[in-house]
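Accompanying notes for the structure given below.
Here is how names work: the chains are called A, B, and so on, in the same order as the sequence lines, proteins then strands, and each is numbered from 1.
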Amino acid sequence: MALVLRTTSQIIGHHAELEKKSAEGYGALAERHPEHQDAFNRLGDENHRHRARVERAYRLGVTDAFEVGFTPNPLDPGDYALEEFTGESLSEDLDTALRNEETVIRFCLDAAKTSGKLLPDLPDTFDQLVRRKRKRVELLRSLT
Amino acid sequence: MDSGSAKELKVVDVMVVLEEPIKGVIELKNYIDGEWVESEASETRDVVNPATLKKIAKVPVGHREDVKAAVDAAKDAFPRWRRTTPLSRARYLMTLKQLLEENFEELGRVVTMEHGKIIDEARGEVRRGIENVEMATGIPSLMMGYNAEDISRGIDEVLIKQPLGVFACVAPFNFPFMVSLWFMPYAVATGNTYIIKPSPWTPLSTMKLTELIDEAGFPPGVINLVNGEVEPVSEILENPGVKGVSFVGSTKIGRDVIYRNATSHGKRVQAQCGAKNFLVVTPDADVELTVSSLMSSFFGNTGQRCLAGANLVFVGDDQGFMEKTLGVIKERAGAIKMGYGLEEGVQMGPLQAEHRKKRVLGYIESGLKEGATLTMDGREFNCDPYPETCFLAPSIFEGVNLDMTIAREEIFGPVMSVLTAEDLDEAIGMVNSSSYGNAASIFTTKGGTARRFQYDVECGNIGVNIGTAAPMAFFPFSGMKDSFFGDLHGQGKDAVDFFTENKVVIQRWP
């Protein structure tokens, strides 16, 4: 069975999963590259805050009167898979981290578009996250 | 979503069901005078999860003596509670609100388990309930009266709003957590004491709510819970200690039992009843927005809500527009995933009980016999791996006219009846021909059309490009004709007025 994200709850859940995985990745990078430990730990902490931010927006805005269960454009979680950090150098790991950030940004953009029909406050929250994540991309680039 | 649930939210190619908060079979008790006590009735009814058919609780059928004890406790608590300052009463509600937030996820899952609705809808219900608690915390302002100085030389006149005593609500099965919160927070915020009688089909969310009420530290007797069926309701309606009753349910019970009996015993009543809601679509409507709203309105909560869409009316002779819109609706309705609401990808749960499904099936038979065309047959579905007993997929009837039973009576299930009207006048006439007046919506991009609709339609809740016109906590949940009996509605300022008496003081000081 091909599984797609049809409901708001699924979209929020998958976002949480992506942020968690991303944070775990930065935890691993902090150990492998102690010279940038602070930066990677900060990025990991941010992941948890981003997850909490979306969950809060959902919890405070959810209402059965809107179309929480009926997204017309389901998302495929397979389109947003994060890569493992298998690089042999800082430069390779940073490339992976950048690709993962772009994947999460793409998910947030798609979720914002889809959730516009689902729940009024969610698109704004996802859009705000995208702005913050683009700053993370700049930070990662500065580490190379 | 609690932080500990992250691993449960992983989406992979397997069925993922959120953890059930109810384990085993709970034996329900009443909560009277701050204590959990057994009912005087020995007979019980099983509470069953309609998706899995697992028994999750046993609820007593209830006894008049249960209500008498609750009324006595509430009467005893009233003098002290009304003297508690409005600000202090609001602080109890603030504590309750905080506890509800902390238990948000569990409450949502309990709603899904006992009712069957999907987890998003259940969380939405919990949120709407909490909003009423939030609204009632504003009682120090909401309860203010007004005054006029020098109505005659040296004489002033003041209006004071005062509580009356003990109030009660008889709540329905379809929003087991939310509905008692349309009333109770306002009642206790204004200084009254209260008795909640939940539906015996879905009593668990109210039990969880009452556990949090207890934890919030409300004084004994201020809020009481009595489970049961007919006998407790009869006692609520007849007991002279109960000053007013709030009810949500069918028109037959609301009008013929609740309203008549309670008013004949001198009580205040607000009875929010059945519905047959028309959703009118004009050819200029935005198809994408309209279809998304229609899906939720007709099939959300498996059609079991008094604001659900029932009759879909296409205005004008643009056959192409109608066919295109219906085509998209059918495509989406056909793709709805049915199953257990705690499975996150599920979009529609079961009906709440087998007899409710049989009732809907009866209406589908009736539609066929009376000549409507069943273009989507919800009797054919797949809800694997769950038992089919309470499930029913969306059904769509076309070629429906107002003489047909399916166009006039409340079905309370996922059934859409499609009608056509030559013009807006005819569509408004159709809406107004209904004995009900709960809700109606129009989908249009023309302001003049929308204004005309909202002006002329005889319904209490109007949606403009909104499929489910559910009023927020700070507005009354309105309703007209056979959809409401009483004067003041639930929620908002109406609720404050319902639970208070206006006392006028004219004073002169020598």
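For the atom pair CD of B/E343 and CD of A/Q10, the computed distance is 8.5 Å after rounding to the nearest 0.5 Å. Taking CG of B/D120 as the start and CD1 of A/I11 as the end, the distance is 9.0 Å to the nearest 0.5 Å.
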Anything under 3.5 Å between a donor and an acceptor, one on a side chain of residues 95-103 of chain A, the other on a protein residue two or more places apart or in another chain? List them.
| residue | atom | partner | partner atom | Å |
| --- | --- | --- | --- | --- |
| A/T96 | OG1 | A/E92 | O | 3.1 |
| A/R99 | NE | A/E83 | OE1 | 3.4 |
| A/R99 | NE | A/E83 | OE2 | 2.8 |
| A/R99 | NH2 | A/E83 | OE1 | 3.0 |
| A/N100 | OD1 | A/E83 | N | 2.8 |
| A/N100 | ND2 | A/E83 | O | 3.1 |
| A/E101 | OE1 | A/R136 | NE | 3.1 |
| A/E101 | OE2 | A/Y26 | OH | 2.6 |
| A/E101 | OE2 | A/R136 | NE | 3.3 |
| A/E101 | OE2 | A/R136 | NH2 | 2.8 |
| A/T103 | OG1 | A/R99 | O | 3.0 |

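Between the side chains of A/S9 and B/R123, at least one donor N or O sits under 3.5 Å from an acceptor N or O.
Dense packing is recorded around CD of A/E35, with more than 12 heavy atoms of other residues, nucleotides or ligands lying under 6.0 Å away. Residue B/F475 qualifies as open at atom CZ: its count of foreign heavy atoms under 6.0 Å is 12 or below.
Shown here are the salt bridge (charged side-chain N to carboxylate O under 4.0 Å, His left out) partners of B/E20, two or more places apart in sequence or in another chain: B/K54.
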Apply salt bridge (Lys or Arg N to Asp or Glu O under 4.0 Å) to the pair B/E105 and A/R59, showing each step before the final yes or no.
CA-CA 9 Å; B/E105 181 62 15; A/R59 266 187 56 162; over 6 Å; no
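Between A/T7 and B/Q347, the shortest heavy-atom contact is CG2-CG, 3.9 Å.
At a 4.5 Å heavy-atom cutoff, B/E331 makes no contact with chain A through either its backbone or its side chain.
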